[in-house]
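Naming: A, B, ... by sequence-line order, numbering from 1 per chain.
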Amino acid sequence: MADRTILHVDMDAFFVSVELLDRPDLRGQPVVVGGTGDRGVVAAASYEARAFGVHSAMPSVRARRLCPHAVFLPGRHDRYSEVSRRVMAVFESFTPIVEPLSLDEAFLDVTGSARLHGDGPGIASAIRRRVLEQEGLTCSVGVAPSKFVAKLASEAAKPRATPEGPVFGTGVHVVPPDGVLAFLHPLPVQALWGVGPATLQKLARLGVRTVADLATLPVDTLTGAVGSAAGHHLHDLANGRDDRDVEPDREAKSIGHEETFSDDLFDPPAIDRQLVRMADAVAGRLRAHGVGARTVTVKVRFPDFRTLTRSVTLPQAVDTGGELTAHGRRLLGSVDLSPGVRLLGIHAGSLVSGGPRQLELFLEDRPDATRAIDDIRERFGDDAIGPAVLLGESGLRRKRRGEQQWGPS
Amino acid sequence: MKFRCERDVLIEALNNAGRAVSSRGGSLPVLSGVRLELRGNALTVTGSDLDLTITMSTTVHGEADGVTVLPSKLASDIVRALEPGRVDVEVAGDEANITSGRSQFAVRAIPATEFPRITEPEGEELALDGAALAHGLRQVVSAASTDESRSAILTGVLMAAEASGLRLVATDSYRLAVRDLSSTSFLQEGQSVLVPSNALKELARLLGDGDTVRLRLGDRDAAFTVGDTTLITRLISGEFPNYRNLIPKNQPACLTVARASLLESVKRMKVVAKEPSTPVKLDMSNDGLKLTVNAQDIGSAAEELDAKYEGPELTVAFNPEYLVAGLDAAEGDEVTLECIDALKPALLRSLGNTEFLYLLMPVRVS
């Protein structure tokens, strides 16, 4: 295979940086975005806050203890999505082959863009310039012949938090095809994808600490220690081999919503209302992606943090709120909810698009009704129509993507 | 309570009543048991899951009246394991002794006071032709939905009074079966009840040839009595979907084919269609009928059949399970399949028989 040029673009402290655009007065201060309540988690921290040891996925309570003077902001998922869409559009102006990994990072295959836009390092710099000019945001770009090396390279280009303040990174880090091994080998093995704490321990027993150690380890020894599939995978990565393509249409593997409530829910009708709300939102997203779900999973976390999930596999894919709610109700019916519900979630998985679909006799009307709902929401906004049980005194309370994602405020 | 009887008499009573006992362990522990009541020589055995109750009365040699509740499965397993012949049952306090020959079992009884009171509906009694009803139920009941979570209404079978007599209708929204029992009169024209299909499956099982079914209807429940056995079921409330508009008339395409050949052929195709969602395609043309199945990652199958076809060339795909069920129910030597296009319901009937129809929605293949 001819050498490819792959970019991994990662926005710097994305959620925090977007907040700082709207609150320039907070620049230079430790800022934490995430659930601000007692039960929230950190979604992002400014480099100033990171210097105190705050990092994402940490309970907000702990972040507050580490950095009491930080400014805590609730997340605004809608705002981040909006900015993210414009940033992704910048990427797409350089190549159609963009694979977003989340709101704030993406892989780009720019192999074919050389004649129009220049080589990889040139495009990387142009993207950084455009994103900064247009959005006032900085990003770090890794340029390499494969996805996983590009991702490691963008990490090497990142700003770093130090007690003296953030140190700016190079912004772009280029790993040429003949420099892959020299780049990889000094790295610690846990830098590789697929090396978690368990694998790390097994490798440590073999005396493997760096990627170079791993690359020289006979593949049989490696597979004996971590299993056949993982062993071959790690062996390939350590030798710089990663043939995975950048997949612009990478389909979501599951679509779901979950929410931690500010107070544990005990009242069955209240729990049911939350289920209806989330099922309605998940179904809307399924339809927006033009897919149906063959599995439905509900997730319940109790006040003592015990968490369980219940799943059902369906003979026929579903994509309406009513169907998801019905299956969710049946799954929840097998769970004793009397201890109280701290978190509730519903996920639609085994997504299928197209394929054979058993048609229904009476429900020919129903897809029309559902389509009408989608049309109404498109024209008049998400709160214009929704399930009747969600009607409160102040109108509809629909579930929005990302709402209370990091815990209630 | 104390009585004696033939083993087989007791087996039948325990089995019949036990069929209403829920195996999934309902909310009341007492419902895992069957209630035995002895008055003189009349023994009444009752099992219930509150939605469905089956009671069988039988004659035994009674020695002391009484009421008890025994664990249904255990009692029935014990009695079945005994040697044929005389069985003695005596209940004292919370212990039931079952003896036969030199075998002796002691079983912990469940307090009978906890067993719910099942009241029979008090409506006027109707008599139905048991053989015709059993026949009709066997054709229709399998089209009802078994998925309570989708729609409780579709788990029922509609028993409706038409001008011509009793009509049975069931649908799971993918197919619809309608059977007219023209010789059987039922209620007044326009009236109908919606009966859970699982209760009617039990009724069909109880019915033999020549039996008469006595039916009493209440507001919320119905009692069917066949011989010594009474089955009480709750009725489903709610509006059955308006199926009449769905039944097409004068479809432009009509296939006529030997029922047994098509049935056997679809069953052969089904071997490859492991996933129930893998459809069997019917290519219909003036040359006849061709069936194909293409199962991704598994394989494919094809078969040609002689058939008479009038209409434009047409390919329609169906869930093979549903097609087999329809062909099974249709009876007769030849069937007709009337279609409009690949996305509209197809009408399956036995040739020349207007008493039964099976409407089947196609599978859309993209």
Side-chain angles (χ1 to χ4, degrees), chain A residues 251 268 272 275-276 279 283 289-298 310-338 346 348 350-371, chain B residues 24 27 143 145-154 169-178 239-248 273-281 293-296 316-323 341-347 358-366:
Chain A
E251 283 174 37
D272 189 67
L275 180 74
V276 171
H289 286 87
V291 294
R294 283 280 308 278
T295 62
V296 178
T297 304
V298 295
R310 292 281 181 274
S311 288
V312 61
T313 299
L314 311 171
Q316 168 111 359
V318 296
D319 67 356
T320 64
E323 290 166 313
L324 280 182
T325 303
H327 291 296
R329 276 185 185 143
R330 189 159 60 161
L331 292 169
L332 279 185
S334 67
V335 179
D336 177 13
L337 299 175
S338 58
I346 181 162
S350 305
L351 304 181
V352 293
S353 55
R357 185 169 172 91
Q358 171 70 53
L359 303 172
E360 300 190 29
L361 282 165
F362 320 102
L363 305 177
E364 281 177 297
D365 294 336
R366 199 193 48 190
D368 289 347
T370 300
R371 204 173 306 128
Chain B
R24 54 196 153 87
S27 44
S145 169
T146 51
D147 187 351
E148 188 106 14
S149 72
R150 269 191 78 225
S151 159
I153 289 185
L154 298 188
V169 188
T171 177
D172 62 3
S173 86
Y174 306 125
R175 65 257 168 84
L176 168 87
V178 181
E239 193 79 9
F240 196 76
N242 184 359
Y243 63 94
R244 289 168 204 269
N245 307 339
L246 297 173
I247 300 167
K274 291 269 186 239
E275 284 257 317
S277 55
T278 305
V280 55
K281 269 193 233 176
V293 164
N294 273 303
Q296 210 175 2
V316 192
F318 297 106
N319 177 325
E321 301 272 355
Y322 298 160
L323 190 52
D341 61 35
L343 303 177
K344 294 281 180 353
L347 184 61
Y358 189 82
L359 194 63
L360 176 57
M361 272 315 265
V363 172
R364 187 184 65 208
V365 283
S366 42

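In this view, B/Ala342 satisfies the side chain to side chain contact (heavy atoms under 4.5 Å, CB included) rule with no residue, not counting sequence neighbours. Annotation: side-chain hydrogen bond (donor to acceptor under 3.5 Å, both in side chains) contacts of B/Tyr358 (sequence neighbours excluded): B/Arg175.
For the pair B/Arg364 and A/Leu359, the tightest heavy-atom approach, listed with the atom from each and the gap, is CB-CD2, 4.0 Å. Contact between B/Met361 and A/Glu360 at its shortest, heavy atoms only, is CE-O, 3.3 Å.
Expressed to the nearest 0.5 Å, how far CD1 of B/Ile247 lies from CG of A/Leu361 amounts to 10.0 Å. Atom CG in B/Leu360 sits 6.5 Å away from atom CD in A/Gln358 (nearest 0.5 Å).
Proximity to chain A is absent for every atom of B/Phe318, based on heavy atoms less than 4.5 angstrom apart.
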